[in-house]
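One structure is given here, and the rest of the page talks about it.
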Amino acid sequence: MNEAPPRQLLVSPIKNGTVIDHITAGEALNVLKILGITGTTSERLSIATNVVSRDMRRKDIVKIENRELMTEEVDRIALIAPRATINIIREYRVVEKKGVEIPSVLIGVVRCPNPGCISNTDEPIESRFEVVEKGLRCYYCDNLITRDIARHII
Amino acid sequence: MYHIISILDFSREQIDALLEKARKIDKHIEIERSLEGKQVALLFFEPSTRTRMSFASAVSRLGGTTICVDSVEGSSIIKGETLADTVRVVSGYVDAIVLRHPKEGAARLASEFATVPVINAGDGAGQHPSQTLLDLYTIRQSMPLEGINVGLIGDLRYGRTAHSLAQALSHYHVNLFTIAPNGLELPETIQLELRDMGTDICECAEVQDVIRDLDVLYVTRLQRERFPDSATYVNVQQSYKVTPQLLSGVKDHLIVLHPLPRAGEIDPAVDSLPYARYFEQARNGIPVRMAMLREVMQ
Ligand SMILES: Nc1ncnc2c1ncn2[C@@H]1O[C@H](COP(=O)(O)OP(=O)(O)OP(=O)(O)O)[C@@H](O)[C@H]1O
Ligand SMILES: [Mg+2]
Ligand SMILES: [Zn+2]
């Protein structure tokens, strides 16, 4: 009989910050991109990809120290990681846990792939997409993005 | 404030109301002078003589005056300025703006910054609601829109007039028959949307196969630049040409429409047949644009 290994944290615990758990396997870096966290920002990050999870087979996890993400910023990741859970950590403890919800409108998140679209010019506007059943629809040119949404993230 | 940007913003009831208004104006049942003392800017960042002339005519028939800025002048007046700024400035001069622009979504953007109503007179390969409304108006002159059989022939991939017409017709449970050369078929996403809205779509190889079932044949322009070489273009053009022979044995009330200008898709010998309605269709641009202007100005 296999004995389950003792439950342990894959990466070292953080005192305060945010853990984004249950990210669709392989999407951790895109999640960071959507959150605007890049190599040049100062947050201390740990990323685990393709880890085995009890309920999802494989998943990615991102831990961000000393930053508590807000609902509006986090909902944008629902596009590529609909099952993600956001855990707010204080004093090593999970004090808040929430899922992500796909927002109905995305402003400034995705670039319109239509080169003829007015949102790709120097007009004083941000890109704007309506989230519809089949994907994302550009508010300006009606272009529909149905797949590979991550590729269009600004 | 009310703008007219895209046919997709219209409900069936709104389309019906606008077409009915156009009919009353057309038949002189209602005398409209709703633009008396008003001025409309025709901002044309892209040449389009017909659309511009017919809007100008519509404004003056409603008692209003126009200021026109065409692409040549426009490029110097508006040099280096964003459309957003132009529209804010021009809003201070006039009571409404009719905008033609090469970028898709330009009219939507203009409506966000304008302080007067904006009518989209075509934004690049995007929406051109007055064209769609006059297409619908022309069909409705001959028959009720509900449940009719409509053939769309030509470049259905890039031909946005056909897309918009199909989308508008989806309110009326029509049956669509699409006839397009290889590679120029109606895009998948549009087909899905139309089917979702309850439109039956039948892709047909040959127009001959369906012509006798049609109530409307909507012909679109085949553009030379969509084809790899002249020979292919000429070939396709010949096999998609609407001729008197093609029209033998069709329903008596069939109407043939084309947004014009045509480039050989319709044999001039068709012009004198009772089915030809494309010049009537062009003329209908006046009452339809009058109804649109009145709608945004009230
Ligand atoms: N102090 C901490 N530092 C780093 N990661 C933490 C810390 N506390 C919890 N985590 C991680 O946050 C996630 C949520 O923790 P929790 O204890 O709620 O686990 P769980 O019961 O498996 O939650 P769930 O039901 O959402 O899967 C887990 O991935 C866990 O490893
Ligand atoms: Mg867990
Ligand atoms: Zn767009």
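The sequence lines fix the lettering, A, B, ..., with proteins before strands; numbering per chain opens at 1. All values below come from the heavy atoms of this structure, side chains included, with hydrogens, waters and symmetry mates left out.
Heavy atoms of L8(B) lying under 4.5 Å from chain A belong exclusively to its side chain.
Nearest heavy-atom pair across I125(A) and F113(B) is CG2-CE1, 3.7 Å. Minimum interatomic distance between P115(A) and K103(B) (heavy atoms only, all atoms of both residues): O-NZ, 3.5 Å. Taking every heavy atom of both residues into account, E112(B) and Y139(A) meet most closely at OE2-CE2, 3.7 Å. For D142(A) against S6(B), the heavy-atom pair with the smallest separation is OD2-OG, 4.1 Å. Of all heavy-atom pairs spanning E123(A) and A84(B), the tightest one is OE1-N, 2.9 Å.
In Y2(B), the OH atom is crowded: over 12 heavy atoms of neighbouring residues, nucleotides or ligands sit closer than 6.0 Å. For CZ of R67(A), the number of neighbouring non-hydrogen atoms (other residues, nucleotides, ligands) closer than 6.0 Å is greater than 12. For E101(A), the CD atom is loosely surrounded, since the number of other residues' heavy atoms within 6.0 Å does not exceed 12. Around the CD atom of E133(A), the shell of radius 6.0 Å holds no more than 12 heavy atoms that belong to other residues, nucleotides or ligands. Counting heavy atoms of neighbouring residues, nucleotides and ligands inside a 6.0 Å radius, atom CZ of R93(A) does not exceed 12 of them. Environment of NZ in K15(A): sparse, with no more than 12 heavy atoms of neighbouring residues, nucleotides or ligands closer than 6.0 Å. Atom CZ of R224(B) has more than 12 heavy atoms from other residues, nucleotides or ligands within 6.0 Å. Within a 6.0 Å radius of CZ in R157(B), no more than 12 heavy atoms belonging to other residues, nucleotides or ligands are found.
Taking 4.5 Å as the heavy-atom cut-off, none of the residues of residues 172-186 of chain B approach chain A.
Contact tally against chain A (heavy-atom pairs below 4.5 Å) for E193(B), R108(B), Q127(B), E104(B): the top residue is E104(B). Counting heavy-atom pairs under 4.5 Å between each of N143(A), D122(A), N114(A), N120(A) and chain B puts N114(A) at the top. Between chain A and the residues D196(B), D85(B), T189(B), L109(B), the largest count of heavy-atom pairs under 4.5 Å involves L109(B).
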